[in-house]
Amino acid sequence: MRPLRVLNVAEKNDAAKELSRIMSRGQSFRREGFSKFNKIYEFEYSIFGQNAKMIMTSLSGHLMTLDFTASHQKWHSCAPVALFSAPVTKYVSENYLPIKRTLEREVRGCQILIIWTDCDREGENIGFEVIDVCQTICPNLRIYRAMFSEITPQSITRAAQNLVSPDLLQSQAVDVRMELDLRIGAAFTRFQTLRLQKVFPEVLSDNLISYGSCQFPTLGFVVERYKQVEQFVPETFFKIKVTHEMEDTKVDFTWKRGRLFHRLPCLVLYQICLENPTAKVLSTSSRPKSKWRPLPLDTVELEKLASRKLKINSKETMKIAEKLYNQGFISYPRTETNMFPKSLDLRPLVENQTVDPNWGAFASNVLEQGPNPRHGNKSDNAHPPIHPTKYTNSLQGNDKRLYEFIVQHFLACCSEDAKGQETSVEIEIAGEKFTATGLMIIARNYLDVYPYDRWNAKTIPVYNQGEEFQPSSIEVCTDATHADHIETIKNRCYVGVQQDGTFLPGQLGMGLVEGYDLMGFELSKPRLRAELEADLKRICEGTRNKHDVLVEQVAKYREQFVQAVQEAVKLDQALASYFGDPQEFIDEVLGSEDERGSEPIRLCPRCQTEQMILKKTKDGSYMVGCQGYPRCRASAFFPKFVIEASVDESLCGNCQPGDVHKVKFKFKRGSVPPMMPLEYTGCVGGCDESLRELLELKDLTRLPSESVGGSNSYVRGGKSSHSGARGYQQSSNRGRGRGRGTTSKARGRGNGRSATAQGVTRPAQRGGFSANQPTRDEGRGFVPSGQTWQQNNAGRDASFQPGSGFNQFPSTSSFGRDDENCVVCTCGQPATKLTVKKDGPNKVARFPKKDQTKGGRFTVVQNPEDRAAISLNGETLLQVVAVSRSSAVLRQKATVELPGEENADCVTKKVTLDDRAQ
DNA sequence: GCAAGGTC
């Protein structure tokens with residue numbers, strides 16, 4: 001019988017080497033292939049019950065690449081939209097030809113081919129690329145797939161004894177992904193690059209502005225997070241701190257109210273405490289507390305922890321993890337599973353580690369107790385959680401650190417939770433309650449092997465209930481440290497990674513996301529991609545076929561693309577916030593006037609020399625523009641729901657100078673308010689209020705930079721979402737030099753992915769931003785920048801004058817009602833319930849809302865100005881009301897003046913500003 | 001000059 005000859009192909013050289021070493025028990029023979037990166041290993045192995053000559057070689061990932069055929073490869077060879085249907089071809093690129101030649105040479109004379117690529121979707125597809133090549137040479141080849149998720153002797157032996165057929169469905173899912181990625185990526189990239197290079201030549205003429213179905217949602221995510229941070233307006237808050245030193249131990253008590261956002265009420269309460277500073281112990285308690293050991297490790301968790309604890313970024317982490325896997329030290333690092341399957345015997349894995357000088361004893365202890373991992377809730381049904389498969393102490397650098405982390409995490413999760421006892425003391429000073437907690441650690445357990453978690457013991461002395469004592473200090477502290485972090489972020493409005501490791505989007509990135517968001521698509525959101533992923537999964541499960549999914553997804557993205565092209569002006573518009581006035585792309589949009597037709601409406605109100613013309617754009621919508629373009633750029637684009645527009649003979653009686661023709665419109669049904677007829681003839685000169693509103697017409701006499709909201713008059717729009725973009729830009733400059741006169745170009749270029757510094761500041765003279773320009777307020781309305789919200793609230797303050805009393809608060813007279821929640825003041829009267837919603841920048845609460853008043857008190861009370869809440873009328877009135885986010889508390893009678901100054905003290909019961917409080 | 005996914 002002819003000796004069995006088997007070709008084995010791994011995904012990369014590392015894996016081939018380790019597989020060969022394990023299968024041959026170190027007895028393999030290595031020789032060169034055509035590719036210098038991919039060696040060939042030969043050894044004897046027993047398979048299918050007989051001795052075989054094994055030939056093991058490898059690839060370097062995908063062997064083949066997908067691209068358009070030559071007819072569509074050149075950027076100007078076709079309209080980008082054609083790329084959704086252009087022919088594509090799969091081929092082996094030049095630098096991979098040596099690998100292909102090795103396969104072709106080595107497969108000759110083989111009866112069997114075994115695919116040893118990674119056991120995931122891509123691995124399956126890569127396997128089929130190998131099969132393609134090999135079957136061409138040997139049509140009768142028997143083809144198998146080895147299934148394994150760790151490169152250990154046991155797994156590999158098991159895989160060799162349980163060979164399966166390659167999974168065509170998984171491979172097909174990857175084919176679909178590839179083709180979509182290519183078509184979408186190429187179409188959008190060509191479109192936006194070609195357009196934006198022309199629209200912003202000064203900034204972008206050299207940029208490749210790439211688009212990808214994965215990169216764009218990722219960018220969207222970064223932008224979204226950035227904006228969340230950007231919109232956060234820090235608020236100063238105040239709290240009372242009590243400390244008590246005894247027996248060499250200093251105990252900090254925290255205020256039960258947490259913090260107040262208004263200074264005065266806090267000072268009042270503080271003053272009351274100072275006057276009678278004896279603390280009385282209300283209660284003491286003690287309860288067991290445990291700190292949970294970590295869950296079994298999945299990929300995302302590995303990346304997160306490595307980043308946080310080891311300061312290794314996720315890309316580097318995965319690179320190292322791959323290497324450790326290929327060297328057989330750890331299991332397959334790409335897994336979504338965080339529970340160990342019952343079938344996996346953890347004992348030998350723990351036993352491997354007992355030899356280590358640092359954690360060996362711990363591992364032995366785990367063995368004695370029996371490994372007892374926590375059970376997560378995720379499983380990909382393919383790979384177990386990441387765990388060490390072999391002991392080593394020969395690694396260096398980050399390889400060593402990551403391996404140690406994986407081992408320690410594994411041992412920790414197989415161990416026991418840490419156990420402790422928590423003691424709490426509650427005290428009262430002049431009616432104010434404070435608590436302190438201490439922690440005694442009873443058993444560190446997993447913490448002994450896991451230095452990445454901390455649990456600090458905190459001793460507090462024994463307090464006896466009812467005991468009274470004088471705290472060594474009571475102080476008011478202002479806490480606004482978080483503001484510093486935010487400020488730092490604001491001051492670094494550049495692209496790239498900050499020192500603290502967080503990402504900041506650049507101008508281009510921001511603009512692109514905002515532009516596509518303006519179109520109302522979800523291109524910057526993960527939904528589309530997630531839907532594709534779901535379909536790919538269905539292909540793998542066999543519930544949908546490859547062809548249907550491909551057709552459907554191509555159609556879906558093509559539709560978005562077509563719309564994007566039609567509304568491309570919105571991209572310009574969004575980017576104009578960062579890069580200055582766009583160069584009009586109008587020529588290419590409109591085509592020649594002869595083709596499209598044009599009719600004069602009136603003399604251009606801006607340049608007063610040329611006529612304003614009604615034109616139809618390429619995408620079928622209408623606009624009016626000055627004939628003097630590009631010398632004069634006065635223009636207005638009509639919304640899409642204008643389905644017909646023509647210059648009417650009738651003239652406007654109001655508008656000047658000269659004849660101003662009315663325009664006859666036909667609107668799309670359902671797109672205009674009910675009172676508006678579908679056919680309407682009116683003046684677009686600005687006198688027709690309803691038309692101006694409907695079409696969002698701008699004052700054409702202004703220069704773009706002067707137009708309302710800073711919007712470019714040549715584009716329509718400038719509604720909320722656009723304003724948002726502008727507002728962002730503004731707010732990011734708040735507090736910094738504005739309009740420094742540097743041009744965007746001078747400040748460097750970048751495509752949003754580079755770390756090139758790109759200021760978000762835009763030249764004032766071009767952007768027309770003055771200090772009075774609006775800035776974003778919670779992403780919706782505008783408030784004047786620089787002054788933030790106080791100025792915005794000016795109107796409200798005005799109505800909040802002495803004499804107006806409390807009656808503008810909706811429910812001021814809930815005395816005695818709402819029994820359960822009624823609070824009686826120390827003066828004997830029930831508390832007042834106030835419900836005014838502060839319409840400031842933090843209306844959406846940023847701080848954790850905590851009910852600080854257990855036992856029930858008030859609903860949330862906010863008032864625009866704490867002074868106003870406390871006092872009105874300038875005479876003796878009311879009780880002092882302490883106001884926090886979640887409670888209003890009545891304390892005592894006081895006389896209050898309406899202060900003119902921020903620092904004025906205004907309580908009759910004199911509240912002096914303690915030095916410590918300033 | 002396009003993507004994303006393998007990998008060197």
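Here the structure is a predicted model, which means the values were calculated and not measured. We name chains A, B, ... by the order of the sequence lines, and we start the count at 1 in each one.
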For A:T117, which contact category applies under a 4.0 Å heavy-atom criterion: base, sugar-phosphate, or nothing?
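Answer is nothing: A:T117 stays at 4.0 Å or more from every strand.
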
Side chain of A:C214 only, heavy atoms from C-beta on: which candidate in B:dG5, B:dC2, B:dT7 is closest?
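So the nucleotide nearest the side chain must be B:dG5.
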
Looking at A:R190, I'd like to know whether one of its side-chain N or O atoms comes within less than 4.0 Å of OP1 or OP2 on B:dA3.
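No, no such contact exists.
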
Could you tell me whether A:L180 contacts a base, only the sugar-phosphate backbone, or nothing, with contacts defined as non-hydrogen atoms closer than 4.0 Å?
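No contact at all - A:L180 keeps every heavy atom at 4.0 Å or more from the nucleic acid.
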
By the 4.0 Å heavy-atom rule, please label A:R183 as base, sugar-phosphate, or nothing.
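Here A:R183 touches no strand at all.
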
Tell me: NZ of A:K90 to P of B:dG6, nearest whole Å?
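Rounded to the whole Å, the gap is 14 Å.
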
Atom-to-atom span, CG of A:L63 to C1' of B:dA4 - whole angstrom:
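Spelled out: CG on A:L63 to C1' on B:dA4 is 17 Å.
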
Among all residues two or more places apart in sequence or in another chain, which pass the salt bridge (charged side-chain N to carboxylate O under 4.0 Å, His left out) test with A:E522?
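Counting only residues at least two positions away or on another chain, A:E522 forms a salt bridge (charged side-chain N to carboxylate O under 4.0 Å, His left out) with A:R527.
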
Does B:dA4 have its OP1 or OP2 closer than 4.0 Å to a side-chain nitrogen or oxygen of A:Q215?
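Indeed, a polar side-chain atom of A:Q215 lies that close.
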
Where the side chain of A:L208 is concerned, which of B:dC2, B:dG5, B:dC8 is the nearest nucleotide?
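The nucleotide sitting nearest to the side chain is B:dC2.
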
Using the ring-ring contact (aromatic ring centres under 6.0 Å, His included) rule, take A:F84 and A:F561 through it: C-alpha gap first, then chi angles, then the decisive distance, then the call.
CA-CA 9 Å; A:F84 284 98; A:F561 179 80; 5.4 Å; yes

Reckon A:S210 has a side-chain N or O less than 4.0 Å from the OP1 or OP2 of B:dA3?
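For B:dA3, OP1 or OP2 has a side-chain N or O of A:S210 closer than 4.0 Å.
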
Pair A:E552-A:R544, salt bridge (Lys or Arg N to Asp or Glu O under 4.0 Å): steps then yes or no
CA-CA 11 Å; A:E552 193 178 297; A:R544 292 210 64 183; 3.0 Å; yes

To the nearest Å, give me how far apart CG (A:D118) and P (B:dG6) are.
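After rounding, the reported distance stands at 9 Å.
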
Between B:dA3 (P) and A:I209 (CD1): distance, integer Å:
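Rounded to the whole Å, the gap is 12 Å.
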
Let me spell it out: for each of A:E322 and A:T189, pick the nucleotide of DNA chain B with the closest heavy atom. Which residue's pick is nearer the 5' end?
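The residue mapped nearer the 5' terminus is A:T189.
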
Spacing between A:K323 atom NZ and B:dG6 atom P, to the nearest angstrom:
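In whole Å, B:dG6 P lies 19 Å from A:K323 NZ.
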
Looking only at heavy atoms, what is the nearest atom pair of A:T102 and A:S35, with distance?
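Shortest heavy-atom separation between A:T102 and A:S35 comes out as OG1-N, 3.9 Å.
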
Nearest-Å distance, CD (A:E179) to C1' (B:dA3)?
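Going from A:E179 (CD) to B:dA3 (C1'), I get 13 Å.
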
Taking 5.5 Å and 30° as the limits, would you call A:Y211 and the base of B:dA3 a stacked pair?
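By the stated criterion, A:Y211 and B:dA3 do not stack.
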
Grab the NE2-C1' distance between A:H62 and B:dA4 for me, whole Å please.
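Atom NE2 in A:H62 sits about 8 Å away from atom C1' in B:dA4.
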
Check: A:N13 side chain, B:dC8 base, donor-acceptor under 3.5 Å
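A donor-acceptor contact between them is absent.
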
Residue whose nearest DNA chain B nucleotide is more 5′ - A:I126 or A:H76
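Here A:H76 is the residue nearer the 5' end.
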
The side chain of A:L182 is closest to which nucleotide in this list: B:dG1, B:dA3, B:dG5?
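Of B:dG1, B:dA3, B:dG5, B:dA3 is nearest to the side chain of A:L182.
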
Given 3.5 Å as the limit, does a donor-acceptor pair link the side chain of A:Q170 with the main chain of A:E124, or not?
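No.
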
